[in-house]
Participant: 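The following block contains the structure, expressed as structure tokens.
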Amino acid sequence: MDFNFTEDQDALRDAVRKWVDRSYGFERRQGIVKAGGFDRAAYGELAELGLAGLYVSEQHGGMAMGPVEAMVVLEELGRGIVLEPLGQTLVASGVLGGYAPEALKAQWLPRIAAGEALVVLAHQERKARYRLDACEATATQAGGGWKVSGDKSIVPAGDQADAFLVPAKANGKVGLYLVERSAQGVSTRGYPTIDGSRAAEVSLRDAAATLVSADGMAALEHGIDIGIACTCAEGVGTIDRTMQLTAEYLNTRKQFGVTLATFQALRHRMADMKMQQELARSMSYYASLKLNAPAEERRRAMARAKYQLGVSMRFVGQHSVQLHGGIGVTDEYVGSHYFKKLTQLELVYGDTLHHLGEVSERMQDTAGVFA
Amino acid sequence: MDLAFTPEEQKFREEVRAWVRENLPQDIAHKVHNALHLSRDDMQRWARILGKKGWLGYGWPKEFGGPGWTAVQKHLFEEEAALAGAPRIVPFGPVMVAPVIMAFGSPEQQKRFLPGIASGEVWWSQGYSEPGSGSDLASLKTRAERKGDKFIVNGQKTWTTLAQYGDWIFCLVRTSTEGKPQTGISFLLIDMKSPGVTVRPIIMLDGGHEVNEVFFDNVEVPAENLIGEENKGWTYAKHLLSHERTNIADVNRAKRELERLKRIAKGEGVWTDTRFRDEVAKLEVDIVALEMLVLRVLSAEKSGKNPLDIAGLLKIKGSEIQQRYSELMMLAAGPYAIPFIREAMEAGYQGDYVGAAYIAPLAATYFNMRKTTIYGGSNEVQRNIVAQTVLG
């Protein structure tokens with residue numbers, strides 16, 4: 001039982017933080033937002049740091065790191081509200097590395113690690129909400145390969161990505177397929193999202209596909225869980241910076257001749273936010289440390305973690321805006337963009353009510369970190 | 001980073017578990033598992049069993065006869081004891097006053113007082129709060145006047161937990177009115193059998209007699225019972241507070257009580273009611289998150305790195321959780337929580353229960369738990385402390 005980071009992990013954190021501080025200032029970020037919400041060059045810079053290959057084996061040109069390293073990186077990206085979806089890369093490389101046949105790994109993982117290929121999960125369907133088994137897309141065998149048809153929604157950077165990981169049903173069973181965006185029958189319609197990043201509707205009509213795993217549910221659930229752990233870590237980083245901004249503001253802004261930080265009503269609110277910050281951090285650690293647990297235990301842990309993060313992100317986000325007063329609801333102020341990021345993070349991979357339901361369904365007689 | 005305990009820690013846990021299973025009297029465990037009233041004899045029986053093993057002062061270093069456990073070992077001991085249904089160790093002697101005597105007492109005081117605390121023979125009470133001094137403890141007024149080799153003590157303490165059983169009481173008393181309130185306070189050990197000490201019960205809203213008023217009327221206390229220096233008592237008391245770390249969260253008891261809540265919910269048919277069950281699920285996440293918070297503190301203590309200044313958060317969350325599980329237990333019983341039959345909250349009750357035996361104490365426990373956000377520095381005071389760490 002040890003919650004200290006290794007020197008290597010601290011060095012990794014420093015490297016990412018430096019990049020965010022030096023190269024991803026608010027001005028550049030807002031420029032990217034205006035230009036559509038995804039910048040290939042910025043993504044390339046993350047890949048240059050080796051981050052796109054964080055989960056890729058050394059054999060395929062990656063760093064073969066684990067969930068704690070991923071957590072460290074995502075915390076820092078959250079702190080800088082970075083738009084480029086590195087978490088998606090970790091999901092895709094984790095799923096491909098864990099479930100894909102060797103040839104497919106050899107074809108995609110080196111390019112993912114190098115930042116040459118962006119592969120994202122395209123699982124959301126209109127009627128499914130957060131249910132993973134509600135999949136209407138279909139896959140049919142065609143010649144030596146597969147063809148996939150269906151409509152997938154809110155695919156991160158969907159009109160920029162090079163390929164999608166797509167769950168689709170064949171003979172009533174969900175499989176996971178890889179579809180290239182350039183394939184015939186693929187069309188995308190991109191749009192901005194709450195936090196200023198980008199997503200797309202992806203339409204697949206008999207699009208050529210490669211089977212990643214016939215046990216699509218296991219692969220998909222695992223991918224979602226990697227995404228949840230990433231989201232928790234990103235949420236913690238976003239909360240940390242939000243707290244910092246809010247504390248600075250309360251210690252600077254004066255009303256009635258004194259700083260806001262002198263008012264007990266506001267101090268107590270800040271104490272409640274600090275509580276949520278530390279509960280969130282605790283559960284983000286928990287998520288990352290349970291990510292390699294057996295599926296049942298892993299799923300239960302992710303539901304608990306995402307529920308906590310959902311509560312904490314919303315609480316800190318809303319109250320940060322409130323403590324700022326008028327400036328907190330302006331587009332000009334950086335804090336409002338942290339609030340939007342926190343809001344979007346709550347809505348991905350299952351919102352708070354969804355995961356409350358998951359926790360509720362999965363409760364056992366005993367409970368605790370080790371149960 | 002690693003969630004797992006080391007193999008040595010696991011082995012330690014198993015040894016403790018086996019010993020507790022072997023030595024915890026079943027009638028006491030039954031009472032704890034069912035929130036039935038614990039008598040003085042129950043509490044002292046368990047204290048003596050622990051004392052004999054050398055585990056009553058489980059936080060003590062070896063030089064004072066303790067087991068010299070690490071922070072993690074202490075946590076594992078607390079967890080195994082709690083899950084097995086052991087009563088909480090009455091903390092005033094072994095957890096509260098003993099560390100002060102060790103740190104600031106004279107060798108004579110250590111020789112005189114520590115053995116009785118370690119064995120569980122001597123029952124200690126804590127004399128801090130006064131009618132006019134709650135959260136603002138430093139305003140306390142109980143006077144101790146030096147007369148030769150004695151102090152003459154006059155005044156009143158209140159909310160004194162289980163003082164009706166107390167042999168000795170450690171008190172914060174005012175020895176000077178000069179300077180800041182904090183600087184005129186001394187730490188005095190008082191024999192409760194001294195003439196002039198009167199204990200009067202305060203009956204709480206749950207009907208229980210848990211706390212008392214303690215009056216001091218010209219009580220003569222030998223000067224040798226003063227801990228450390230006169231007027232330095234506040235410093236010693238703060239040292240004491242720093243000894244209440246992770247155990248104030250009481251997360252292990254919360255885990256045990258969550259299990260009981262689930263049993264009650266099943267018994268009352270609300271386990272299948274999604275609306276109720278979701279409330280239990282929220283509590284479950286709260287408890288896991290609190291446990292993670294506690295483990296983070298333990299890790300920091302163990303490694304000596306990245307110390308976490310979050311005792312206030314542990315107190316707030318821990319107490320809120322205690323209130324919440326007791327509240328949900330009562331709500332699970334619904335209308336059957338309404339009957340309030342004191343005798344039915346005792347073990348060995350021979351009368352008829354209304355509904356079921358396990359329901360009888362639920363409302364009383366709910367009322368009893370209201371104290372948790374008030375004592376030990378109210379949660380509002382804790383929020384002041386937490387805010388200080390964020391805002392300066």
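Lettering follows sequence order; numbering is per chain, from 1. Note that this is a predicted model, so its numbers are computed, not measured.
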Participant: Relative to chain A, which of B:L295, B:L293, B:I287 shows the most heavy atom pairs under 4.5 Å?
Facilitator: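 When all of B:L295, B:L293, B:I287 are compared, B:L295 has the most.
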Participant: Identify which of A:R362, A:E248, A:R281, A:Q9 forms the greatest number of heavy-atom pairs closer than 4.5 Å to chain B.
Facilitator: A:R281
Participant: Does some side-chain heavy atom of A:N4 sit less than 4.5 Å from a side-chain heavy atom of B:S299?
Facilitator: yes
Participant: Chain B heavy atoms under 4.5 Å from A:L250: which part of the residue, side chain, backbone, both or neither?
Facilitator: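 Contact with chain B: side chain only.
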Participant: Where the side chain of B:D278 meets the backbone of A:G357, is there a donor-acceptor pair that is under 3.5 Å apart?
Facilitator: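 Judged by distance alone, no pair lies under 3.5 Å.
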Participant: Once you round to the nearest 0.5 Å, how far does CE of A:M1 lie from OG1 of B:T6?
Facilitator: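 One finds 9.0 Å between CE of A:M1 and OG1 of B:T6.
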Participant: Any chance you could measure A:M363, atom CE, to B:K262, atom NZ, to the nearest 0.5 Å?
Facilitator: 5.5 Å
Participant: Considering only heavy atoms and a distance below 4.5 Å, find which of A:K274, A:R267, A:Q277 pairs most often with chain B.
Facilitator: A:R267
Participant: Taking every non-hydrogen pair under 4.5 Å, which of A:M275, A:E361, A:M283 racks up the most with chain B?
Facilitator: A:M275
Participant: Among the options B:K266, B:R296, B:R263, pick out the one with the most heavy-atom pairs lying under 4.5 Å from chain A.
Facilitator: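 The option with the most such pairs is B:R296.
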Participant: With chain A as the partner, which of B:V386, B:L258, B:L313 has the greatest number of non-hydrogen pairs under 4.5 Å?
Facilitator: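 Sorted descending by pairs with chain A, the first entry is B:L313.
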Participant: Pick one of side chain, backbone, both or neither for B:Q388, based on which atoms fall under 4.5 Å of a heavy atom in chain A.
Facilitator: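 Contact with chain A: backbone and side chain both.
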Participant: Taking the side chain as everything from C-beta on, heavy atoms only, tell me whether B:L391 gets closer than 4.5 Å to A:N251.
Facilitator: yes
Participant: In Å, rounded to the nearest 0.5 Å, how long is the span from OG of A:S360 to CZ of B:R275?
Facilitator: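 One gets 12.5 Å once the value is rounded to the nearest 0.5 Å.
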Participant: Could A:D272 and B:R383 be called an ion pair, given the rule that one side-chain N must be under 4.0 Å from one carboxylate O?
Facilitator: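 So A:D272 pairs with B:R383 through a salt bridge.
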Participant: Drop me the distance from A:D365's CG to B:R260's CZ, to the nearest 0.5 angstrom.
Facilitator: 15.0 Å
Participant: Does any backbone or side-chain atom of B:K302 lie under 4.5 Å from a heavy atom of chain A? Answer side chain, backbone, both or neither.
Facilitator: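 Side chain of B:K302 only, per the 4.5 Å heavy-atom cut-off to chain A.
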Participant: Roughly how far, to the nearest 0.5 Å, is NZ of B:K317 from CD of A:E278?
Facilitator: 13.0 Å
Participant: So how far is it from A:K290 NZ to B:L3 CG, rounded to the nearest 0.5 Å?
Facilitator: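 If I round to the nearest 0.5 Å, the distance is 5.5 Å.
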Participant: Taking side chain as everything from C-beta outward and backbone as N, CA, C, O, which of these in B:E380 sits under 4.5 Å from a heavy atom of chain A? Side chain, backbone, both or neither.
Facilitator: both
Participant: I'd like to know whether CG of A:D14 has more than 12 heavy-atom contacts from other residues, nucleotides or ligands below 6.0 angstrom.
Facilitator: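 It does: A:D14 CG has more than 12 such atoms within range.
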Participant: Chain B heavy atoms under 4.5 Å from A:Y307: which part of the residue, side chain, backbone, both or neither?
Facilitator: side chain
Participant: Provide the closest heavy-atom pair for A:G368 versus B:E291 in the form atom of the first, atom of the second, distance.
Facilitator: CA-OE1, 3.3 Å
Participant: By a 4.5 Å heavy-atom criterion (distance strictly below it), what part of A:M243 contacts chain B: side chain, backbone, both, or neither?
Facilitator: side chain
Participant: Is chain B contacted by the side chain of A:Q264, its backbone, both, or neither, given a heavy-atom distance below 4.5 Å?
Facilitator: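 Side chain only.
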Participant: Examine whether an atom of A:V68 lies under 4.5 Å from a heavy atom of chain B, and if so say whether it belongs to the side chain, the backbone or both; otherwise answer neither.
Facilitator: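 Contact with chain B is through the side chain of A:V68 alone.
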Participant: When only pairs under 4.5 Å are counted, which of A:A303, A:S282, A:A371 shares the most heavy-atom pairs with chain B?
Facilitator: A:S282
